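Single-structure report; data block below.
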Amino acid sequence: MERKVAIVGWAQSPIVERDERIHKTEMISRTVAAALSKSGLSIGDIDTVISASCDTMDGASISNVFVVESMGAFMKEESKVEEDGAYAALYAYLRLLTGHHKTALIVAHGRVDTPPQFYSWMMTDPFLLRPLGVEMVSAFALQARSYLSRYNLDERPAAKVVVKNRANGVKNPNTQVRIPISEAEVLKSPVLASPIKLADASPRSEGACALILANRDLARKITPDPVWIEGVGYNHDLYYLGHRDLARPESLARAAQMAYAQAGIKNPRKETDFAEVYEPFSFAELMLYEGLGLAEPGEGRKLVEKGIANLDGAYPVNASGGALCGNPIFVAGLIRMVEAARQLTGQAGEYQIKKDIRRGLVHATSGFCLQSNIVYVLGRDEAKPKPVKVKKQFKAKAKVKVKTKARPTRRKKARRK
Amino acid sequence: MESNQYRVLEGNISVPYRWTPGDIYGRFLGGLKEKKILGFRCPECKKVYAPATDICTACYYGFKPEDQVELPDAGVVKSFTVVRANLWPPKPDPEVVSKAIAPTKLVDHPLLWPPDPPYALVAVRIEGADTDFIHMVKGEKNLGKLKVGSKVKAVWGEQREGYLLDLDHFEVV
Ligand SMILES: [Zn+2]
């Protein structure tokens, strides 16, 4: 696929369980400022802003209206998705492809101002699921059981996913849970909703993440290490849990195939080097291996049993620790994009994948039980990036102005007239 | 000195709603009042949906009342989860809860808050249906026997009013 749009900057707030000291707006504005600083852009260089947040969690209708200032979206064109930030990135990407905009800022923010059970309970319809108290944990538990039963698996492979991700999380200064865990500890942790145990579940988290996209011409001017979007696929399954095959999410496979077709990928295991996936629960990561075509159906376990998905394995998955180490809702998927960009530009510090990597997969999900899925193929330029010292978060340096105001394409258009 | 001298606001949002099930969902829920599980058969692909849905997702056919079929109140467990931990904060003032989340007509229904654990969520393939019905299994005796493949039968509530929980739960047979 022709490389038309690249990631040129990013920032995230450290993922925490709860920070009572700062206003949501400050969390957002600091993150945006850090992303601008990293890319050497100023807010005036941004053409369009797409945000991702949740009205129920914010406790307000169209809750992005309050944070227009903090996002730097005023006197610009702004819109919101009520989905993970990885979908806001899709929206922004498609806007850049139209040629109407040259740069886009994506902002995802998730604060657990209400217990997450309420938020996910309110995702259910009032007639068929809400009276049962169906929420994220119990819904994913139904899916996990479907999966285990379909392929005759026990709970150990999922425990191995937790062990792997938690070991990686220890090395990630931006994540929340940085304590290693053993397989026995996972298996002994208290049951929330069988087969999901406390250690199989992602923690309660909050945070913000910002990502900057630019078109091809500008991307090269902004950074020596652009991370290109080589393909993106997205698909949505049915809502009602009893009307779809929970053990094998169809929308996931379709999203992956769509992304691979754009990127010209036939065998993702061979033609990509690593993946960052959004696994709200350990069991989901096994299903993601299969849906993404990294393993045959029912054989996702092999990636953890043989250490293939480990940080030093042949195909590392969630080198960052994944959502099991920090899961700010509506943000965690966008963070996967940032983590992949860090890896591809050699900026992942202690959890940098050692082998030579050129292309990575990013996955994010939204809704109950992997209902909606989005898959990106991200790639770097052929030349290996020079090791970069990671800038400290929230310490804006002197801004390097990029003259985006020159608007070369508009002049071209005028000339054509 | 306190590092944070500001007040964290705590609040509750109570908003009244009226949700209308319409004809197809209404028939399904009305069937429960009569201790019947109704399915809807797609005339094009013959797939039987229970619970109701307004369209056949295979054909995008819009169901009509005549597509309704009566199914037994029993089926097979396709998946389940036993909820052991109390995932919910303590049940607030019933008045607040009912206003916030319940259809106003049903403010006196006992289950406006998720049930106390342990209970199981189950996906039941009702006999004669091609989809799964998400519902509950309750009681330690039932939970202990619960497996994928277990046969279950509906236990009907005493008071029924055209609501999902007219079918109180399924028991393992
Ligand atoms: Zn049909």
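Since this is a predicted model, take the numbers as computed values, not measurements. In the text below, chain A, chain B and the rest are named by the order of the sequence lines, each starting its count at 1.
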Interface residues of residues 72-81 of chain B facing chain A - heavy atom cut-off under 4.5 Å: Ser79(B), Phe80(B), Thr81(B)

Please find the pair of heavy atoms, one from [X] and one from [Y], that lie closest to each other, and give the distance.
X	Y	result
Ser138(A)	Val83(B)	CB-CG2, 4.1 Å
Leu121(B)	Leu142(A)	O-CD2, 3.6 Å
Pro21(B)	Phe127(A)	N-CZ, 3.3 Å
Tyr119(B)	Gly133(A)	OH-O, 4.4 Å

Give a yes or no on this: more than 12 heavy atoms of other residues, nucleotides or ligands lie within 6.0 Å of atom [atom1] of [X].
X	atom1	value
Ile62(A)	CD1	no
Arg18(A)	CZ	yes
Arg244(A)	CZ	yes

Please list, one pair per line, the donor and acceptor atoms closer than 3.5 Å that link side chains of residues 188-201 of chain A to other protein atoms, with sequence neighbours excluded.
{"residue": "Ser189(A)", "atom": "OG", "partner": "Val186(A)", "partner atom": "O", "Å": "2.9"}
{"residue": "Ser189(A)", "atom": "OG", "partner": "Ala199(A)", "partner atom": "N", "Å": "3.2"}
{"residue": "Ser194(A)", "atom": "OG", "partner": "Arg145(A)", "partner atom": "NH2", "Å": "3.3"}
{"residue": "Ser194(A)", "atom": "OG", "partner": "Val82(B)", "partner atom": "N", "Å": "2.9"}
{"residue": "Lys197(A)", "atom": "NZ", "partner": "Glu155(A)", "partner atom": "OE1", "Å": "2.8"}
{"residue": "Lys197(A)", "atom": "NZ", "partner": "Pro195(A)", "partner atom": "O", "Å": "3.1"}
{"residue": "Lys197(A)", "atom": "NZ", "partner": "Asp200(A)", "partner atom": "OD2", "Å": "2.8"}
{"residue": "Asp200(A)", "atom": "OD1", "partner": "Ser282(A)", "partner atom": "OG", "Å": "2.7"}
{"residue": "Asp200(A)", "atom": "OD2", "partner": "Lys197(A)", "partner atom": "N", "Å": "3.0"}

Please round to the nearest 0.5 Å and tell me the distance separating atom CD1 of Ile134(B) and atom CG of Leu132(A). 8.5 Å

Can you tell if the side chain of [X] reaches within under 4.5 Å of the side chain of [Y], non-hydrogen atoms only?
X	Y	answer
Phe133(B)	His243(A)	no
Val148(B)	Leu148(A)	no
Tyr240(A)	Pro51(B)	yes

Which atom pairs, donor and acceptor, lie under 3.5 Å between side-chain atoms of residues 25-40 of chain B and protein residues at least two apart or in another chain?
{"residue": "Arg27(B)", "atom": "NE", "partner": "Asp23(B)", "partner atom": "OD1", "Å": "3.0"}
{"residue": "Arg27(B)", "atom": "NH1", "partner": "Gln68(B)", "partner atom": "OE1", "Å": "3.2"}

Residue part contacting chain A, namely of Ala129(B), when any heavy atom lies under 4.5 Å: neither

Distance-only donor-acceptor hits, side chain of residues 43-50 of chain B, under 3.5 Å, sequence neighbours excluded:
{"residue": "Lys46(B)", "atom": "NZ", "partner": "Pro43(B)", "partner atom": "O", "Å": "3.0"}
{"residue": "Tyr49(B)", "atom": "OH", "partner": "Thr57(B)", "partner atom": "N", "Å": "2.9"}
{"residue": "Tyr49(B)", "atom": "OH", "partner": "Thr57(B)", "partner atom": "OG1", "Å": "3.1"}

Among Asp113(A), Leu246(A), Leu128(A), who wins on heavy-atom pairs under 4.5 Å with chain B? Leu128(A)

